[in-house]
Amino acid sequence: MASLFRDLSLGHSKRESTPPPLQPPPPVMPSKLTATDLESPFGQLASQLTDSDLRATAYEIFVAVSRTSAGKPLTYISNSSNSDSPNHHHSPNSPALQRSLTSAAASKMKKAFGLKSPGSGSKKSPGSGPGSGQAKSRKPLTVGELMKTQMRVPDTVDSRIRRALVRVAAGQAGRRIETVVLPLELLQQLKSSDFTDQQEYEAWQRRTMRVLEAGLLLHPRVPLDKSNPTSQRLRQIINGALDRPIETGRNNESMQVLRSAVMSLASRSDGSFSEISHWADGIPLNLRLYEMLLEACFDVNDESSIVEEVDELMEHIKKTWTVLGINQILHNLCFTWVLFHRFVATGQVETDLLDAADAQLIEVAKDAKTTKDPQYSKILSSTLSSILGWAEKRLLAYHDTFDRGSIDAMQSILSLGVSAAKILVEDISNEYRRKRKGEVDVARSRIDTYIRSSLRTVFAQLMEKADSSRRASKNQPNPLPVLAILAKDVGDVAVNEKQVFSPILKRWHPFAAGVAVATLHACYGNELKQFISGIMELTPDAVQVLRAADKLEKDLVQIAVEDSVDSDDGGKAIIREMPPYEAESVIANLVKAWIKARLDRLKEWIDRNLQQEVWNPQANQEGFAPSAVEVLRIIDETLDAYFQLPIPMHPALLPDLMVGLDRCLQYYATKAKSGCGSRNTYVPTMPALTRCTTESKFHGVWKKKEKSSNPQKKNSQVATMNGDNSFGIPQLCERINTLHRLRTELDVLEKRIITHLRNSESARTEDFSNGLTKKFELTPSACIEGVQQLSEALAYKIVFHDLSHVLWDGLYVGESSSSRIEPFLQELERNLIIISDTMHERVRTRVVTDLMRASFDGFLLVLLAGGPSRAFTRQDSEIIEDDFKSLKDLFWSNGDGLPAELIDKFSITARGVLPLYRTDTDSLIERFRRVTLEAYGSSARSRLPLPPTSGEWNPTEPNTLLRVLCYRNDEAASKFLKKTYNLPKKL
C-alpha cells in the first residue's frame, strides 16, 4: 500500500517550507441557506461547532484521504479568481489532486439527473462577466484546487494543511489515513508559527479540540460508558484547552496524556472496524461533515448549479467514507437532502435540482426496502419527514404557492413529496405493513389531501374577498349579496383548477378535478345551508344567491362528470360527494310561500271589503261594485309582481298562483251572492187543498193563514232582507253586474298572463300555448252560477215578495172581473224600468227573462194555489186568458222587449193550463179520473188516490186537473171533491 506521505502529496513541491503570502478568500455569493426554515434532519451537534468549523474539518479530511490515481491531460480552465493566484503551484509530476480536470464530455451524473451546467440558466456563466480576465491564459486546475475553491478555503489555510499533512506522513510512514486520528496529528504538527498570529492559532486549536470532543465524547460511533475514566480525562483536557491553549510538542506531557486518551477512545471497536480510528464516524457528526463535502459539488459562483467535474470530484469525496463511516445508502440519503436543500436555499427556481433529488429518492426507496438498520431508518424518517413537511407547506395550499408560470415547480415538488411520502408510509410505517398494500394508495391519498386542503384555504380567502367586495359596494345601487359574489368566484376557481392544476395532479390522482369541485361544492354548500336557514321570505338577495348557487352547482357537476368519464363507476363516487343544493327547490318553496302570503292577504281583503260593500249603483257610475274593481287591481298587481320576481321558473310555478287567484275570485263570487236567497226562497209554500164555496170570499185570508200556519214557509233570509237595503232591487242588480264584469275581466287577465309568459326568462312555447297554465278554472262557473242565482232571486223577489200585495192580495181575489192584472202589470213595468236603467246590457235580457218566467209562475200559482179566496167560473176563462196576453205583451213591448220566440218558449205551460178553465166540469172530472187511473193503475178503480203536488203544471197531470176543479165555482165540482176526497171548504 502506498505510504501516507506519498498519498498526501497535494500538489506543492516538497521543497516548499514556508507558507505562501496570506490571500483573501474568494468572493462568496450571498447564501440563502440561513434564510430557510429547514433544519438539518441529521440532528443537531451537541458541541459549539459552526458550519464554518465543520467545513474546515471536512476539507482537512478530504485532503488527507485523497489518493493517487491515473490521470489524463485535460483542458478545463477554472473561472474562479483564485485560479490565477500567484500562490497556486502546479507541478507536472504531482499525484492525484494535481491532475488537471476535464469537461470535454458532460458529467455522467449530471446527464443522469438532468442537471444544468453553471451559467446555463439565467445567471451569468462564472467568469464571463467584465473583468473576469477570460482573455488571460489560464493554467490547468487540479481536483484539489477545485475543491479548495468550492469550499472557500484560502490559499494560506490550504498550504498550512498540506504542510502539516506532509509532516504527519513523515512520521506515520506506511499507515493508512483511516487509522489516523487526523485532528490529533494536526495538533501535534502545527505550531503557532504556522499561523498569521497567536489569535488565529488559538481559534484553530479550540476548533480542533471541539472536533475531538464531538467525535469521541459527544457523538461517538461506539456508545460510551458514563463511568469511562478515559472519557472523563479527555473531557478535562479539552475543557482546559478551550480556556488556555496546550503545548503540543511531541515530548510534551500534556500532549502525551491527550494522545493516550484520544487513541484509547478512537480505537474502541464495535466488532467490525477494529483497525479504523473512530473519531469522525459517529452520527450526526459524520453526516454533517459529509454534507459539507457534498455541498462543494455546487459551483461557488452559481449556487444552483453543479460543477461540470462533479464525477471526478465525487470520486474523491467518496474516499472519505472510511474515515466518516459513510456507506452507499447513507450517501444516497445525504445527497438527496443536499440536492433538495440547495433548491430551497437558492430561491426555489431551479427545478432540475428537485428532479435530481426525486431521481435520487428512487435509490433511497430501494435502500429502504433492503436495509433494516434502525439507526438508518431513524435518519431516513427524519430526512424524508423534513422534505415532505416542506413540500406539504406548499402543497396543502398550492394555490397560494403556484400559478401558471410556476406549474413546473409544482410538478417537481409534487413528485418529490409523493416519493418521500411513499417511502415513509410503505417502508417505514409499521401500520402500513400490517395492512394489505392494496388497501392504501399513498400517492392518491396525499394528492387528495392536498387538493381538499388547498381549495378549502382558497375558499376561505374567497369568503373574505367577497365580504370586502360587498362592503365596498354597499353604497352603490343594488349591491350583490356576498354568496352571489362568492359563487362566481368559486366558479372561476373551479375553471382555473381544471385548466391549470388538475392536469398536473391527475398524474397521481385520476379524478383530481372531481375531488377539487367536490371540495368547492361542499365548502359553498355549508355557507349556502346557513344562508337558507336564515331566509324567512323571498327577497331579491335570496333569489340572487340561490340562482348563483344553482348555476355554480351545474358548472361544478359538469366538471366532475367530464373528469370521471373514464372511471369504472362513471363518476358516481364523486357525484355522491356532492349532495344537491336544491336551490331551485328552495326558490320554488319561497315562491310558494310568497304566493300563499299574497293570497292570504287577498282573501282577508275580500272578507273585509265585502263586509263594507254597500252595493249601491248610484255610488258607482260603472254599475258594479268598487270592491270588484279593487280585487281585480290587486290580482293584476300580484301577477305583475310575480313576473317581476327574479326567478327562473315563472311558467313552472304559475299554476300554483293561478289556482290561488282562481280560488280567491271564486270566493269573492260566492260571497257576492251570499245571503241574497234563490228562487225557492221567495216561492210560497202551497196551501192545503179546499173545495170552492160561493157563499163567502175572504179577501187576504190566504196570506193571513199562510203567515200564521206556515211561519217557516219562506227562508229565514227573507226576514233579514226585508229591512236590509243591501238586498234591494238596485243592489241585486249591481251584484249581478259585478259578477258579470268579473267574468269578462278574466279574459283580459288571461291575455295579460300570456304576454308575461312570452317575456319570462325560461319560457317555452308550450308554456303559453297550453291553456291549462293560464286559465281560471273555478271563477267563470262561479260567476255564471252567481248571475243565474241572483237573477232568479231578483225576479222571484220582485214577483213573490215585492209585488205580493198586488199579486197575492189583489189578483182575482173575490170577483175576477173586478180584480184583474192591471195593477200587477203597472208595478212590474216600474221594476222593469229600474232593471233597464241599472243592469248591464249583456245580462239585462237574462234578468228580464227570469222576471218574465217568475211572473208566469206567479200567475199560474194564483190560479192553481191561490187559496180559498179565489174561485173561477167557466166565464172567467176569457178574463184570465186576456190578462195573460197582457202580461206577455208587457215583456214583448211592441217588439222592443224580449223576442217573441223567447216569450213563447216560457209561456208553454200557461198555454197548456189556461184552456182548462173554459172546459166544462164533467169533462174535467172525467179527464181527471182517466189520467189518475193511467198514473196509478187498476188499484185506483175502487178509490181514487189524492195525487201529490209536483209544482210542474201540466193539463195531463192529475194534480193540475184536481186544482182546477178545486177552484171551479161549480156545485158539481164541489160535490165530486166532497165525495171523492172529503175536502173542506176552509183551510
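Residue numbers start at 1 and run along the sequence shown.
Phe800 and Trp808 have their aromatic ring centers within a separation under 6.0 angstrom.
The closest side-chain heavy-atom distance from Glu734 to Thr838 is not below 4.5 Å. Counting heavy atoms from C-beta outward, Glu792 and Tyr682 have side chains that stay 4.5 Å or more apart. Here the side chains of Arg830 and Ile834 are in contact, with some heavy-atom distance below 4.5 Å. Counting heavy atoms from C-beta outward, Leu546 and Ile532 have side chains that approach closer than 4.5 Å. When side chains are defined from C-beta on, Lys775 does not count as touching Met658, because their heavy atoms never get closer than 4.5 Å. You'll find the side chain of Leu961 stays beyond 4.5 Å of the side chain of Pro955, heavy atoms only. By the 4.5 Å heavy-atom criterion applied to side chains, Ile880 and Ser816 are not counted as neighbours. At a threshold of 4.5 Å between non-hydrogen side-chain atoms, the residues Ile798 and Ile835 count as touching.
Around CD of Glu878, the count of heavy atoms belonging to other residues, nucleotides or ligands within 6.0 Å does not exceed 12.
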request  = Dump the intermediate steps for salt bridge (Lys or Arg N to Asp or Glu O under 4.0 Å) on Asp747 and Lys751, then the final yes or no.
outcome  = CA-CA 6 Å; Asp747 294 333; Lys751 288 175 183 175; over 6 Å; no
request  = List the steps and the verdict of side chain to side chain contact (heavy atoms under 4.5 Å, CB included) for Cys966 and Thr690.
outcome  = CA-CA 6 Å; Cys966 285; Thr690 61; 6.0 Å; no
inquiry  = Show, in sequence, the C-alpha distance, side-chain angles and deciding distance for Ile606 and Cys664, and conclude whether the side chain to side chain contact (heavy atoms under 4.5 Å, CB included) test is met.
reply    = CA-CA 8 Å; Ile606 289 171; Cys664 284; 4.1 Å; yes
query = Between Gln666 and Phe776, is a side chain to side chain contact (heavy atoms under 4.5 Å, CB included) present by the stated rule, with each step listed?
reply = CA-CA 9 Å; Gln666 180 197 31; Phe776 290 95; over 6 Å; no
key: Check against side chain to side chain donor-acceptor pair (under 3.5 Å), Tyr796 and Asp857   = CA-CA 9 Å; Tyr796 282 81; Asp857 283 356; 2.5 Å; yes
message = I'd like to know whether Tyr967 forms a side chain to side chain donor-acceptor pair (under 3.5 Å) with Arg870, so could you lay out the CA-CA distance, the side-chain angles of the two residues, the decisive distance to 0.1 Å, and finally the verdict.
response = CA-CA 7 Å; Tyr967 291 98; Arg870 290 176 172 84; over 6 Å; no
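Annotation: side-chain hydrogen bond (donor to acceptor under 3.5 Å, both in side chains) contacts involving residues 902-915, sequence neighbours excluded, comprise Ser907-Arg911. Residue pairs meeting the side-chain hydrogen bond (donor to acceptor under 3.5 Å, both in side chains) criterion with at least one partner in residues 652-662, sequence neighbours excluded, are Asp662-Thr779. For residues 827-849, the set of pairs meeting the ring-ring contact (aromatic ring centres under 6.0 Å, His included) definition, not counting sequence neighbours, comprises His740-His840. Residue pairs that meet the side-chain hydrogen bond (donor to acceptor under 3.5 Å, both in side chains) test with at least one member in residues 892-903, sequence neighbours left out, do not exist here.
The two residues Thr919 and Arg968 make their nearest non-hydrogen contact at O-NH2, 2.8 Å. The nearest pair of heavy atoms linking Ala793 to Cys676 is CB-O, 3.7 Å. Heavy atoms only, all atoms of each residue included: Ala583 and Ala549 are closest at CB-CB, 4.5 Å. Shown here for Leu739 and Ala672, the closest heavy-atom pair between the two residues is CD2-CB, 4.0 Å. Counting all heavy atoms, side chain and backbone alike, Phe856 lies closest to Ile903 at CE1-O, 4.1 Å.
Using a cut-off of 4.0 Å between Lys/Arg side-chain N and Asp/Glu carboxylate O, Lys885 and Asp889 are scored as salt-bridged. The residues Glu604 and Arg608 are annotated as not salt-bridged, no charged nitrogen and carboxylate oxygen being separated by less than 4.0 angstrom. Salt bridge annotation for Asp555-Lys551: present, with a cationic side-chain nitrogen under 4.0 angstrom from a carboxylate oxygen. Between Glu785 and Lys673, no side-chain nitrogen of the basic residue sits less than 4.0 Å from a carboxylate oxygen of the acidic one, so the salt-bridge criterion is not met.
How far CG of Asp876 is from OH of Tyr917: 10.5 Å, rounded to the nearest 0.5 Å. Rounded to the nearest 0.5 Å, atoms OG1 (Thr681) and CD (Gln789) are 8.0 Å apart. Atoms CG and CZ, from Asn737 and Arg844 in turn, are 9.0 Å apart once rounded to the nearest 0.5 Å. To the nearest 0.5 angstrom, Glu841 atom CD is 10.5 Å from Ser836 atom OG. Rounded to the nearest 0.5 Å, atoms CD (Glu584) and CD1 (Ile647) are 10.5 Å apart. Here CG of Leu828 is found 6.0 Å from CG of Leu803. Values are rounded to the nearest 0.5 Å.
Partners of Asp636 under the salt bridge (Lys or Arg N to Asp or Glu O under 4.0 Å) rule, at least two apart in sequence or in another chain, are Arg752. With sequence neighbours left out, the side chain to side chain donor-acceptor pair (under 3.5 Å) criterion links Thr949 to Asn959, Arg963. Residues forming a side chain to side chain donor-acceptor pair (under 3.5 Å) with Asp850 (at least two apart in sequence, or on another chain): Ser791, Arg846. Residues satisfying the side chain to side chain donor-acceptor pair (under 3.5 Å) criterion with Tyr667, sequence neighbours excluded, are Asp607. Applying the side chain to side chain donor-acceptor pair (under 3.5 Å) test to Thr960 and every residue at least two apart in sequence or in another chain returns Glu957.
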Determine all donor-acceptor pairs shorter than 3.5 Å in which one atom belongs to a side chain in residues 588-603; sequence neighbours excluded.
residue	atom	partner	partner atom	Å
Asn589	ND2	Ser585	O	3.3
Lys596	NZ	Asp600	OD2	2.8

Give the table of side-chain donor-acceptor pairs shorter than 3.5 Å for residues 818-825, with sequence neighbours excluded, one pair per line with atom names and distance.
residue	atom	partner	partner atom	Å
Ser818	OG	Glu815	O	3.0
Ser819	OG	Tyr812	N	3.2
Ser819	OG	Val813	N	3.2
Ser819	OG	Val813	O	3.1
Ser819	OG	Glu815	O	2.8
Arg820	NE	Asp883	OD1	3.1
Arg820	NH2	Asp882	OD2	2.9
Arg820	NH2	Asp883	OD1	3.0

Please tabulate, for the side chains in residues 637-646, all donor-acceptor contacts under 3.5 angstrom to protein atoms that are two or more places apart in sequence or on a different chain.
residue	atom	partner	partner atom	Å
Glu637	OE1	Arg633	NH1	3.0
Glu637	OE2	Arg633	NH1	2.2
Thr638	OG1	Ile634	O	2.7
Asp640	OD1	His756	NE2	2.9
Tyr642	OH	His650	O	2.6
Tyr642	OH	Leu654	N	3.1

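Between the side chains of Asp541 and Thr539, no donor-acceptor pair of N or O atoms lies under 3.5 Å. Between Glu613 and Ser627, the side chains place a donor N or O and an acceptor N or O closer than 3.5 Å (distance only, hydrogens not considered).
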